[in-house]
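Quick notes on the structure that follows.
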Amino acid sequence: MSKRTLLVTSALPYANGPIHLGHLVEYLQTDIWVRFQKQRGHVCYYVCADDTHGTPIMLRAISEGISPEALIAKVGKEHLADFTEFGIVFDNYHSTHSPENQALSRLIYERLRDGGHINSRSITQAYDPVKEMFLSDRFIKGECPKCGAADQYGDSCEACGATYSPTDLKNAVSVLSGEKPITKDSVHYFFNLANFSDMLQDWTTAGHLQPEVSNKLKEWLEQGLKEWDISRDAPYFGFEIPDAPGKYFYVWLDAPIGYMASFKNLCDKQGLDFDAFWAKDSNAELYHFIGKDIIYFHALFWPAMLKGANFRTPSAIFAHGFLTVNGEKMSKSRGTFIKARTYLEHLNPEYLRYYFAAKLSAGVDDIDLNFDDFSQRVNADLVGKVVNIASRCSSFIHKRFEGQLSDVCSEPELFQQFVDANQTIAEFYESREFGKAMREIMALADKANQYIDEKKPWLMAKVEGQERELQQVCSMGINLFRLLMAYLKPVIPVLATEAEKFLAIESQPWPVTATPLIKHAINPFEALMTRVEADKIQAIVDASKENLQATAPTVKAKQFEPIAPTIEFDDFAKIDLRIAKIIKAEHVEGAEKLLQLTVDIGDETRNILAGIKSAYAPEALEGKLTLVIANLAPRKMRFGLSEGMVLAAGPGGKDIWVLSPDEGATAGMRVK
RNA sequence: GGCGAUAUAGCUCAGUUGGUUAGAGCACGGGAUUCAUAACCCCGGGGUCGGUGGUUCAAAUCCACCUAUCGCCA
């Protein structure tokens, strides 16, 4: 087995929200693959970073009242903590908002520009005149021009599926301010992807991609490649384009460069040769694990950018499917939108690592997390089958032989059979057929249990003179267990490490040339893993439902007029609000909208003319408690003097609602 | 709307270039066992392979259409 050099990445999580179980499919898949490579003795670096740029980050920082830098620092820390507790070990975890990324983004941009791959021209876009920023399609809502459905985004209608441009929307408003967007021109920069059509035609069919991905891309390539808008106008959180003040790199331009930047950062820390991995003639292998939703960026833009900037292209891109829970899309209301943190608060992360491994393949199919299947699978496979082998053998070894394994291997052929399986299992791991690898390993576990069952050590224990055989059978079981743990180590590293402690052995390499432990003392057995408790799963679902209420959507179409400018408490204190009792209410001769109210505000009564005739009959008001502004300057109206104002809400007409206090308040009390 | 993927036992999934009675794990039923975290071992029931039509000596597999689910449309 020759030594390979690999650089592996997972897609960068966006710094706009927490890690959830859907994200984890990818990071666990990558981590398992990387651990496997390392266990095999290859040189393998696994780098990742937080994806930190773009309008959503900027807006969220504003809504939280902190700087974007503070926001991404906070979220980045949370992300890394979640990953770490799931056993995902990066060789480096960086940020796209880093000097390395800025320098590399700039370098790549300049090389593309100098190579004639960047164009610029003015385009017309929707613009929010209040927030003073351009609006992408997702920030405009209105009625679908085709079917009239309300509350649809600027690019397509969720109700009828029509696609259109934001200018087609009826009654369009900015999601940010509620204002009607205007259109405005601005110069944008474009990456001319079509220059790379031939190169991509070859690259996408040269074995770098899964066949289904390759087919998908063929479709896009046949339609002809369009230029890619890589710039955004200020205000934007990102990197300013070097030769274009006020213009920023679109987040998707610098995000994949973040892979390089994170690795550059690692190189600087560890003295590695960056060019050995990224130069055009690099011999290192470069792999990107991604979700199938971002294939376009990774299989077209990214290789083209690298090519155009004179860097090497990826060895392969591995796309995976999405996670469904109980057969359905993850849903906040069903409690199946589960954050990594919520899971960690209740269940052992290795359960999920094993479960995902058992279901993952090299394809792009979605995988389903079925809670019943999850606990059955984990309990049956890991606890019932694998750990059980150690459990059932170690008791004899300790009770009868002081922890000493026998001095011979009684079944060398069986042991060798387990060692020989390493090749098949390794092939499955290598090709990301983790489900098949797990099945293979569990078949070995079954074999081990069958062996013990056949030998019946518990009968030997009762027969005098069979001590030696008893020790041999149990030692054999322990040795088989050891190999199983070596094979499972990429998936369940914590359990594997615990098992190594129990076995009193060094960290296990991939068992290509393993020999049985002979005359070896092991440590007392302690439960290595406990069963999944069903109530914990329910607790996760419940907690996920609660999260929903805690995290109300932050960006929502504004239905109401914008909040007025902030005032100080002193401003508020100037307003003297009083509880008032309506003593008398009557129509005003000749007035269309007004009612005349006589109200008791404690020590005095007032005459108030209120514009609420359209919504209230006078007799319905008499005796009612309400709120009035008592120190409003009296106002002379056509029908008389109004000595205050009754508080009411609503758009008008029949929809006016007079405010009233809770029971117990009495006329004259001041509101404060 | 266009395009793609998927649809196999109660559940989660295998089924290589079309080729005997369609497989596994879990669940279920029966038996055996008691060393082991009620684990393990043996046996068994259960599927008109989403639907309809076609090609073929032969279709889960190839083709067409339909239905459902998921995704993509830069």
Side-chain angles (χ1 to χ4, degrees), chain A residues 137 146-147 155-157 160-164 190-191 193 210-230 250 252 291-301 319 321-324 326-329 355 358-361 363-400 433 435-436 438-440 442-443 445-462 470 473-474 477 481 525-533:
Chain A
D137 298 347
K146 205 169 174 189
C147 74
D155 48 357
S156 64
C157 174
C160 74
T163 56
Y164 39 76
F190 297 86
F191 174 48
L193 191 61
Q210 293 134 296
E212 53 269 62
V213 173
S214 197
N215 287 341
K216 182 78 194 170
L217 290 178
K218 205 193 290 175
E219 212 182 288
W220 286 333
L221 283 163
E222 277 164 8
Q223 285 169 27
L225 296 170
K226 293 181 196 161
E227 57 186 3
W228 180 36
D229 187 348
I230 56 161
Y250 176 42
W252 262 111
K292 62 182 180 181
D293 54 327
I294 53 176
I295 287 170
Y296 202 92
F297 294 101
H298 284 82
L300 294 181
F301 292 146
F322 294 142
L323 181 69
T324 56
N326 290 340
E328 295 180 86
K329 211 169 168 178
Y355 186 70
K359 306 203 79 168
L360 276 166
S361 73
V364 294
D365 307 319
D366 292 352
I367 70 167
D368 186 47
L369 166 58
N370 178 287
F371 288 133
D372 293 335
D373 188 48
F374 170 82
S375 33
Q376 281 165 10
R377 193 105 185 213
V378 169
N379 290 344
D381 289 359
L382 293 182
V383 182
K385 283 182 184 173
V386 177
V387 172
N388 182 46
I389 298 166
S391 176
R392 68 194 306 198
C393 292
S394 65
S395 57
F396 290 116
I397 295 289
H398 283 285
K399 272 185 262 170
R400 306 286 285 267
E433 290 288 356
K436 288 181 178 161
M438 294 309 108
R439 248 171 275 147
E440 200 72 21
M442 289 311 138
D446 286 344
K447 206 168 275 184
N449 275 311
Q450 284 159 16
Y451 164 76
I452 296 162
D453 195 67
E454 196 180 298
K455 293 290 174 185
K456 306 200 186 330
W458 54 95
L459 296 184
M460 294 172 182
K462 287 173 187 160
L470 171 65
V473 168
C474 293
F481 170 73
F525 180 80
E526 289 166 41
L528 291 168
M529 179 174 266
T530 54
R531 312 174 83 77
V532 178
E533 297 158 82

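A note on names: the letters A, B, ... follow the listed sequences, proteins ahead of strands, and every chain is numbered from 1.
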Write down the distance between [atom1] ([X]) and [atom2] ([N]), rounded to a whole number of angstrom.
{"X": "A:F371", "N": "B:rC11", "atom1": "CZ", "atom2": "P", "value": "17 Å"}
{"X": "A:F396", "N": "B:rA36", "atom1": "CZ", "atom2": "C1'", "value": "9 Å"}
{"X": "A:Q450", "N": "B:rC42", "atom1": "CD", "atom2": "P", "value": "5 Å"}
{"X": "A:W458", "N": "B:rC40", "atom1": "CH2", "atom2": "C1'", "value": "8 Å"}
{"X": "A:N379", "N": "B:rC40", "atom1": "CG", "atom2": "P", "value": "10 Å"}
{"X": "A:I295", "N": "B:rC70", "atom1": "CD1", "atom2": "P", "value": "19 Å"}
{"X": "A:N388", "N": "B:rU37", "atom1": "CG", "atom2": "C1'", "value": "8 Å"}
{"X": "A:L470", "N": "B:rA36", "atom1": "CG", "atom2": "C1'", "value": "14 Å"}

Could you tell me whether [X] contacts a base, only the sugar-phosphate backbone, or nothing, with contacts defined as non-hydrogen atoms closer than 4.0 Å?
{"X": "A:M442", "result": "nothing"}
{"X": "A:V364", "result": "nothing"}
{"X": "A:G224", "result": "base"}
{"X": "A:I389", "result": "nothing"}
{"X": "A:F322", "result": "sugar-phosphate"}
{"X": "A:F297", "result": "nothing"}

Any donor-acceptor N/O pair, [X] side chain to [Y] backbone, under 3.5 Å:
{"X": "A:N379", "Y": "A:V532", "value": "yes"}
{"X": "A:N449", "Y": "A:K385", "value": "yes"}
{"X": "A:S391", "Y": "A:V387", "value": "no"}
{"X": "A:Q210", "Y": "A:A319", "value": "yes"}

Taking the side chain of [X] as heavy atoms from C-beta outward, which of [options] is closest to it?
{"X": "A:D453", "options": "B:rU34, B:rU37, B:rC40", "answer": "B:rC40"}
{"X": "A:D365", "options": "B:rU6, B:rU37, B:rC35", "answer": "B:rU6"}
{"X": "A:D293", "options": "B:rC72, B:rU37, B:rC41", "answer": "B:rC72"}
{"X": "A:S395", "options": "B:rU37, B:rC70, B:rC35", "answer": "B:rC35"}

With heavy-atom distances below 4.5 Å as the criterion, would you say the side chains of [X] and [Y] are in contact?
{"X": "A:V383", "Y": "A:T530", "answer": "no"}
{"X": "A:N370", "Y": "A:Y355", "answer": "yes"}
{"X": "A:M442", "Y": "A:V386", "answer": "yes"}
{"X": "A:D366", "Y": "A:K292", "answer": "yes"}

List RNA chain B stems (3 or more consecutive Watson-Crick/G-U pairs, under 3.5 Å)?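 Counting only runs of 3 or more consecutive pairs, the stems involving RNA chain B are B:1-7 with B:67-73, B:10-13 with B:23-26, B:28-31 with B:41-44, B:50-54 with B:62-66.
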Inter-nucleotide [atom1] distance ([N], [M]), Å rounded:
{"N": "B:rA5", "M": "B:rA39", "atom1": "P", "answer": "42 Å"}
{"N": "B:rA32", "M": "B:rU69", "atom1": "C1'", "answer": "44 Å"}
{"N": "B:rG2", "M": "B:rU16", "atom1": "C1'", "answer": "34 Å"}
{"N": "B:rA14", "M": "B:rA24", "atom1": "C1'", "answer": "7 Å"}
{"N": "B:rG51", "M": "B:rC72", "atom1": "C1'", "answer": "26 Å"}
{"N": "B:rG4", "M": "B:rA22", "atom1": "P", "answer": "33 Å"}
{"N": "B:rG25", "M": "B:rG44", "atom1": "P", "answer": "12 Å"}
{"N": "B:rA60", "M": "B:rA36", "atom1": "P", "answer": "49 Å"}

Under a 4.0 Å threshold between the charged nitrogen and the carboxylate oxygen, would A:K359 count as salt-bridged to A:D368?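 Judged by the 4.0 Å cut-off on N to carboxylate O distance, A:D368 and A:K359 do not form a salt bridge.
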Pairwise N/O distances under 3.5 Å, protein to nucleotides 23-32 of chain B:
unit_1 : atom_1 : unit_2 : atom_2 : d
B:rC26 : O2'    : A:Q376 : OE1    : 2.6

Between A:H298 and A:W252, what is the ring plane arrangement, given parallel below 30°, perpendicular above 60°, and tilted in between? perpendicular
Side chain to side chain contact (heavy atoms under 4.5 Å, CB included) between A:F525 and A:I397, intermediate numbers included: CA-CA 10 Å; A:F525 180 80; A:I397 295 289; over 6 Å; no
Does A:P457 or A:K359 map to a spot on RNA chain B nearer the 5' end, using the closest nucleotide for each?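 Nearest-nucleotide comparison on RNA chain B picks A:K359.
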Ignoring backbone atoms, establish whether A:K436 has a side-chain N or O less than 4.0 Å from OP1 or OP2 of B:rU16.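 It does not, given that no N or O in the side chain of A:K436 lies less than 4.0 Å from OP1 or OP2 of B:rU16.
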Does A:K456 NZ have over 12 foreign heavy atoms under 6.0 Å away?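 Yes, because the 6.0 Å sphere around NZ of A:K456 holds more than 12 heavy atoms from other groups.
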